[in-house]
Protein chains: 2
Amino acid sequence: MAKTVEQISSALNLSITTVRLVLNGQAERYRISQKTQKKIQDYVNKYGYTINHIARSLKLNKTETLGLIVPNLSNPFFSSLAESMELSCRSKGYRLMICCTHNDPEHEKKLLASLEERNVDGIFVVPVTEETQMYHIKTSNKPIVFLDRDFAQNDSSWVVSDNFESGYALTSSMFKLIQKPIVFFAGAPILPPVKERIAGFISAMVENGIDKKDCEVFYSQTDLVNDGELLMKEYIETHNDIPQNFIASSLPILEGIISFLRQHLGYIPDSLNIGAFDEHIMLNFLANNIWSMKQNDKDIAENAIAIMNNKILGEKSSDQIKIKTEIISRLKKK
Amino acid sequence: MAKTVEQISSALNLSITTVRLVLNGQAERYRISQKTQKKIQDYVNKYGYTINHIARSLKLNKTETLGLIVPNLSNPFFSSLAESMELSCRSKGYRLMICCTHNDPEHEKKLLASLEERNVDGIFVVPVTEETQMYHIKTSNKPIVFLDRDFAQNDSSWVVSDNFESGYALTSSMFKLIQKPIVFFAGAPILPPVKERIAGFISAMVENGIDKKDCEVFYSQTDLVNDGELLMKEYIETHNDIPQNFIASSLPILEGIISFLRQHLGYIPDSLNIGAFDEHIMLNFLANNIWSMKQNDKDIAENAIAIMNNKILGEKSSDQIKIKTEIISRLKKK
DNA sequence: TTGTAAGCGTTATCAT
DNA sequence: ATGATAACGCTTACAA
């Protein structure tokens, strides 16, 4: 199978050019005779022909492939982002190579290098640290669009959610119902989205008459399930009680918090009012009042690929786009 | 940046071969002078060098890249499978290209063709239908390892979970506690895993003295959230009641079931006993007794890549491996 | 110790 | 209407 053009042409006693012209649909333009066309078509129908994209890439110096580097796929936000990115890329005629860094900065650098070696046309990155982001900006010679977060605050291109607004809206919504202070469990406050969500949270609290020093924020190191557990543990140790109203800065953090409660108490009190960043249908599983801020990953993906396309086409735009989030509330029926 | 070997050699007035030898770590073998080596090293340190993997691939006819085709990434099982696959591949020196079919057979065929055009060294597929699986087997000229399901029942290579045993174990475990008939909500019974899980379920029920005709199985078309909702709707319409004890054939189906209950009743009765295929930490969110069968995606990934490696090395093994699953039970404290 | 040259399968340009 | 050929950057065998 998988004849090359060379094989086809020699089998049919035609020149490579002739075969290529009909294979590339330029038969009419060059007025290749019907007979020749048919001969070639028949042969291809019989034996098949799969173009060698590698050779094509070498010649044209483009691969029609883009790279996506995310921390992981177990965070549902990243997996749905990856899925949306893959869809958007394909609709623009690109393949997507998805890689995970597992939060390892060195790994992230190696992945970027490896994508460049493979000559992808452009790279999307959810950077793990400020340092890696700066490194990529400095060393890469491919178009880069950063996703989900921007540490750099320079003229690099990025598409992120409007996290301040998101934190503000979530907090306001919750406060309207519960009228009480809310605790914020923050995964990794080094991450700009977390920082901004906290800022939005505090801003909304203050606006609702809560003193800034009464806004409790618990910090952790990373955005993983384990840290959610530690955060809740820490709260319980310091307060000798569980928090009635809280917000989790990401789904993995929430997963950890709930897991810890389940272990600690044996159940999840359904009186808790819970706010969450990122939406997931499994939030339905909770019996509580629950508000979640859904990021619009389709929108993020489409904007990101549009920017990338511009860059590839040589327009040196350095676009920076904030995408609106949407609140989903699930309230108990009384 | 990104000098090519050609550029380096002409800049330093050395031959291409010389530069290449030191870049490929063969300097000692060919006794390149220290001075020359240093000159090259310094230059590369200063200007950088990223090998053109595309050109290399064209010459060597291998890309060190594998393809993975899954239905989607929103099903947490597939996203964690993809993550594990990516890890395993990388540990063996391969890149992984992840693509989603969104359950579209034609799409699946196109993706496979496109991976072949890109000359990947091998392809992992979670096939959507028997027809596509057969098609791949017949038309592909790359090594293929099927994952999660095998429709073909011939000598193709696959790695799947032991789904009969999985269904049997889950049902037995649940029955031990509840001693009552259990309802099975089946996503897409055309899928071999679902079929086998049902067979295991029935086998366990019968063994526990339940008459086979009292084993209720509700069927649907696909494995998506929407079908879970329809299944529960159908049950409620025919029984005028909700099922006390049930099993969902996949997480999306369970998500649909729970969502429907939440809409229909306004809450999830915590008396329900729930069995689920595939594990997810968010099952912690449910207040119910819940048993889940965890597939060992790391094991699946490692076996799959091992088989692939053999195939690539030319050993015509057609391995077929069933991976054990593990039960996770979360029982309410009394 | 260093250099030369063929070839991988395309594309693109120029001849016939 | 069809054919010949250079070039993309790499590997590899062989020559000097």
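Per chain, numbering begins at 1; letters A, B, ... match sequence-line order. What's counted below: heavy atoms across the whole structure, side chains too, no hydrogens, waters or symmetry copies.
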Legend entry - Any B/Ser15 side-chain nitrogen or oxygen under 4.0 Å from OP1 or OP2 of C/dG3: yes
List the atom pairs, with distances to 0.1 Å, where a side-chain N or O of residues 119-128 of chain B and a protein N or O form a donor-acceptor pair under 3.5 Å, not counting sequence neighbours.
from, atom 1, to, atom 2, distance (Å)
B/Asn119, OD1, B/Lys142, NZ, 2.8
B/Asn119, ND2, B/Asn61, OD1, 3.1
B/Asp121, OD1, B/Thr63, N, 2.9
B/Asp121, OD1, B/Thr63, OG1, 3.3
B/Asp121, OD2, B/Thr63, N, 3.4
B/Asp121, OD2, B/Glu64, N, 2.7

Legend entry - Touch class at under 4.0 angstrom, heavy-atom based, for B/Ile54 against every strand present: nothing
Could you list, one pair per line, each protein nitrogen or oxygen that sits under 3.5 Å from a nitrogen or oxygen of nucleotides 10-13 of chain D, together with the distance?
from, atom 1, to, atom 2, distance (Å)
D/dC10, OP1, B/Tyr49, OH, 3.2
D/dC10, OP1, B/Asn52, N, 3.4
D/dT11, OP1, B/Arg56, NE, 2.9

Legend entry - Close side-chain approach of B/Gln295 to B/Ile300, heavy-atom, < 4.5 Å: yes
Legend entry - CD/A/Gln26: more than 12 non-hydrogen atoms of other groups inside 6.0 Å: yes
Inset, instruction - Rounded off to whole Å, could you give me the CD-to-P distance for the A/Gln7 and C/dC8 pair? - result: 10 Å
Legend entry - Any A/Thr36 side-chain N or O less than 4.0 Å from OP1/OP2 of D/dT2: yes
Legend entry - Spacing between B/Glu116 atom CD and C/dG9 atom P, to the nearest angstrom: 16 Å
Legend entry - Of B/Asn13 and B/Leu58, the one whose closest DNA chain C nucleotide lies more 5': B/Asn13
Legend entry - Spacing of B/Asn61 atom CG relative to C/dG9 atom P, expressed in whole Å: 7 Å
Legend entry - Side-chain H-bond candidate by donor/acceptor type, A/Asp150 with A/Gln320, under 3.5 Å: no
Inset, instruction - Can you label the angle between the B/Phe146 ring and the B/His136 ring as parallel, tilted or perpendicular, going by 30° and 60°? - result: parallel
Inset, instruction - Say whether, by atom type as modelled, one donor and one acceptor occur between the side chain of B/Gln221 and the main chain of B/Ala188 under 3.5 angstrom. - result: no
Legend entry - For atom CG of B/Leu12 and atom P of C/dT2, their distance in whole Å: 12 Å
